[in-house]
Number of protein chains: 2
Amino acid sequence: MTSPPATTSGGRELAHPAREEIRLEQVLHALADPLRLGVVRALASAPEDLPCGVFALPVSKSTCTHHFRVLRESGVIRQVYRGTAKMNALRRADLDHLFPGLLDGVLSAAQEQAGREREDGPPRRTARDRREPRTDPAG
Amino acid sequence: MTSPPATTSGGRELAHPAREEIRLEQVLHALADPLRLGVVRALASAPEDLPCGVFALPVSKSTCTHHFRVLRESGVIRQVYRGTAKMNALRRADLDHLFPGLLDGVLSAAQEQAGREREDGPPRRTARDRREPRTDPAG
DNA sequence: ACTTCAGTACGAGAACAATCGTACTTTATT
DNA sequence: AATAAAGTACGATTGTTCTCGTACTGAAGT
């Protein structure tokens, strides 16, 4: 048997859909959340894998786990353990192969919109964009 | 006042978001439903406006209304009354202006996937793709 | 005037999704 | 061994979306 790598991710594997199993509807759904879209944008402009932590998302750790799982299970990102962290990378090649132009289209659309919003001031939230955390307002 | 057209849509107006109000996340969400994506594909390849009826969607009339409303309110389609029918058209110009490449990316992705599925056989449904209608099977 | 056609409004139920907190696991550091 | 770091699993909660049926409206045809 081949010896497992000494210091990295003993035997923790994560389930990913194979390339052919990726479905457009699920990809679109994954990208339709502003939080997740933000993550994808960051990954797209990063040179290499990023750990979950660097995003400083305004949600709890478990919610964070949830969103990254949605991205992974829809086939948008690939996740691997590396030491105590979990590294994330866009599945660019797979997505470009399956849906040429889609990812670029979405990314540049997101950039367009972000640019527009920086000028016009932030848009009113659409009630589902981001929910208020459940903190007690009496604090 | 200008005289209203004699035989068409007396005074029924429908609320549409202005071009600048269209939000990427909502567009993606609207397109993430297989039923709605199908409608959008049909509209994209149609020469002109189509009435809601021609789609023969496997849902009730009220559900149909719901889906078309989602498409309209997200800015993906424009709807106008015309006689007893309601005509639907893709807001191609608006979308292309706001998000160049996005719609084409999604449409060709949808076509890619449809082609793939015609070969490989239909994919297993993802449990949210389509729910069973509540009709009594004893009919 | 009546009927048919096409779609809406409303209310309700079920499924889904986003969020949280607490307890736990795994890896690395001290 | 004990602690810290990064994340997961689970259950609960709340809000959103999909779905339906029934009753209704407005336009067109008879």
Side-chain angles (χ1 to χ4, degrees), chain A residues 4-15 25-26 29-30 32-37 39 50-74 79-88 125-136, chain B residues 4-15 25-26 29-30 32-36 49-74 79-88 125-136 139:
Chain A
T7 97
T8 312
S9 66
R12 294 197 280 170
E13 283 304 312
L14 287 163
E25 293 86 348
Q26 293 191 0
H29 172 246
D33 183 281
L35 213 100
R36 293 192 292 253
L37 184 56
V39 167
L50 291 179
C52 295
V54 307
F55 296 99
L57 301 176
V59 293
S60 73
K61 276 205 298 181
S62 32
T63 301
C64 193
T65 297
H66 162 70
H67 284 297
F68 278 95
R69 180 169 43 223
V70 171
L71 286 171
R72 170 168 48 84
E73 292 183 345
S74 65
Q79 297 189 291
V80 305
Y81 284 107
R82 187 146 134 191
T84 158
K86 189 152 82 169
M87 308 302 285
N88 304 278
R125 301 177 163 185
T126 45
R128 80 150 296 284
D129 270 10
R130 192 60 30 224
R131 271 187 272 271
E132 290 297 323
R134 253 195 268 154
T135 52
D136 192 333
Chain B
T7 98
T8 313
S9 66
R12 295 198 278 171
E13 283 304 312
L14 286 163
E25 293 87 349
Q26 292 192 1
H29 172 246
D33 183 281
L35 212 101
R36 292 192 292 253
D49 300 34
L50 292 178
C52 295
V54 307
F55 297 99
L57 301 176
V59 292
S60 73
K61 276 204 299 180
S62 32
T63 300
C64 194
T65 297
H66 161 70
H67 284 297
F68 277 96
R69 180 168 42 220
V70 171
L71 286 171
R72 170 168 47 84
E73 292 183 344
S74 65
Q79 297 188 293
V80 304
Y81 285 105
R82 186 144 135 195
T84 159
K86 190 152 80 169
M87 307 303 283
N88 303 277
R125 300 178 162 182
T126 46
R128 78 151 297 286
D129 270 10
R130 192 57 31 222
R131 272 187 272 272
E132 290 297 324
R134 251 196 269 157
T135 51
D136 193 333

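Letters A, B, ... mirror the listed sequences (proteins, then strands); counts begin at 1.
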Approximate separation, where rounding is to 0.5 Å, of [X] [atom1] and [Y] [atom2]:
X	Y	atom1	atom2	value
A:Cys52	A:Lys61	SG	NZ	11.0 Å
A:Phe55	A:Leu35	CZ	CG	10.5 Å
A:Ser62	A:His67	OG	NE2	10.0 Å
A:Leu71	A:Gln26	CG	CD	12.0 Å

For atom [atom1] of [X] and atom [atom2] of [N], their distance in whole Å:
X	N	atom1	atom2	result
A:Phe68	D:dA9	CZ	C1'	18 Å
A:Phe55	D:dA6	CZ	P	14 Å
B:Glu13	D:dG26	CD	P	15 Å
B:His67	D:dC20	NE2	C1'	12 Å
A:Glu73	C:dC16	CD	P	14 Å
B:Glu25	C:dA17	CD	P	18 Å
A:His66	C:dC16	NE2	P	14 Å
A:Leu50	D:dA6	CG	C1'	15 Å

When you check the phosphate oxygens OP1 and OP2 of [N], does a side-chain N or O of [X] lie under 4.0 Å from one of them?
X	N	value
B:Arg36	D:dC18	yes
B:Thr63	D:dC20	yes
A:Arg69	D:dA9	yes

A:His29 and A:Arg36, any side-chain heavy atoms less than 4.5 Å apart:
yes
Residue pair A:Leu57 / A:Thr63, side-chain heavy-atom distance below 4.5 Å:
no
Do the side chain of A:Ser62 and the base of C:dG21 come within less than 3.5 angstrom through a donor-acceptor pair of N or O atoms?
yes
Over all atoms of both residues, closest heavy-atom pair of B:Leu14 and B:Gln79:
CD1-O, 3.5 Å
What does the list of N/O pairs under 3.5 Å between the protein and nucleotides 5-7 of chain C look like, with a distance for each?
unit_1: C:dC5; atom_1: O2; unit_2: B:Thr84; atom_2: OG1; d: 3.4
unit_1: C:dA6; atom_1: O4'; unit_2: B:Thr84; atom_2: O; d: 3.3
unit_1: C:dA6; atom_1: O4'; unit_2: B:Thr84; atom_2: OG1; d: 2.7
unit_1: C:dG7; atom_1: OP1; unit_2: B:Cys52; atom_2: N; d: 3.1
unit_1: C:dG7; atom_1: OP1; unit_2: B:Lys86; atom_2: N; d: 3.4
unit_1: C:dG7; atom_1: OP2; unit_2: B:Gly53; atom_2: N; d: 3.4
unit_1: C:dG7; atom_1: N7; unit_2: B:Lys61; atom_2: NZ; d: 2.4
unit_1: C:dG7; atom_1: O6; unit_2: B:Lys61; atom_2: NZ; d: 3.3

